[in-house]
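All chains are named by letter (A, B, ...) in the order of the sequence lines, taking the proteins before the strands, and each is independently numbered beginning at 1.
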Amino acid sequence: MKPTFKEKVLQVVRRIPRGKVLTYKEVAKAAGGHRAYRAVGNILNANHDKKIPCHRVIRSSGAAGGYNMGAGEKIKILRREGIKVKI
DNA sequence: CGTATGACGTGCA
DNA sequence: GTGCACGCCATAC
């Protein structure tokens, strides 16, 4: 089987344990494209699966980035996980 | 196949 | 430290 970049990204994000966060760059690298962080955001944006803790993927700047449910919700969830994100 | 889009990253002022 | 512009890749049409 030839999993596409999208499938790999979703798989990686789905493996993120609670209390841990990865940057889009890290996810992209884990998916096989250390330069496809753009596509990672696109994929997560198109994939609103609850089984995928996409809220655990933040920017390298320390900001939460965006979220399908709303950036505010993402920050709220991360804070609940014990992770602080830049406003 | 080519163009347009996007939850980004890095560099420079 | 903050803000702006450019560059990057994958997906959708």
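The stretch residues 55-74 of chain A participates, sequence neighbours left out, in these side-chain hydrogen bond (donor to acceptor under 3.5 Å, both in side chains) pairs: A/Tyr24-A/Lys74, A/Arg56-A/Glu81.
A/Asn47 has its side chain within reach of A/Ile52: a pair of non-hydrogen atoms, C-beta onward, lies under 4.5 Å apart.
Contact annotation for A/Phe5: backbone-only contact, meaning every heavy-atom pair under 4.0 Å involves sugar-phosphate atoms and none involves a base. Nucleic acid contact for A/Lys6: sugar-phosphate only, since backbone atoms but no base atoms lie under 4.0 Å from a heavy atom of the residue. A/Ala39 comes within 4.0 angstrom of a base, heavy atoms only.
In this entry the distance linking CG of A/Leu44 with C1' of C/dC9 reads 14 Å, nearest Å. Computed from coordinates, the A/Lys8 NZ to C/dT11 C1' distance equals 16 Å when rounded to whole Å. Between the C1' atom of B/dG9 and the NE2 atom of A/His34 lies a distance of 12 Å, rounded to the nearest Å.
Residues A/Leu44 and A/Phe5 are members of one and the same hydrophobic cluster, defined by side-chain heavy-atom contacts under 4.5 angstrom among Ile, Leu, Val, Met, Phe, Trp and Tyr.
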Using atom names, set out every protein N or O paired with an N or O of nucleotides 3-6 of chain C below 3.5 Å, distance rounded to 0.1 Å.
none

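In this structure, of B/dG9, B/dA7, C/dC8, it is C/dC8 that holds the atom nearest to the side chain of A/Arg35.
Each of A/Tyr37 and A/Asn42 lies near DNA chain C, and the nucleotide nearest A/Tyr37 is the one positioned closer to the 5' end.
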Can you give each donor-acceptor pair under 3.5 Å made by side-chain atoms of residues 27-42 of chain A, sequence neighbours left out, with the distance rounded to 0.1 Å?
none

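The shortest distance between the side-chain N/O atoms of A/Lys25 and the OP1/OP2 oxygens of B/dT10 is below 4.0 Å.
The minimum heavy-atom distance between A/Lys20 and A/Ile16, with the atom names listed, is O-CG2, 3.2 Å.
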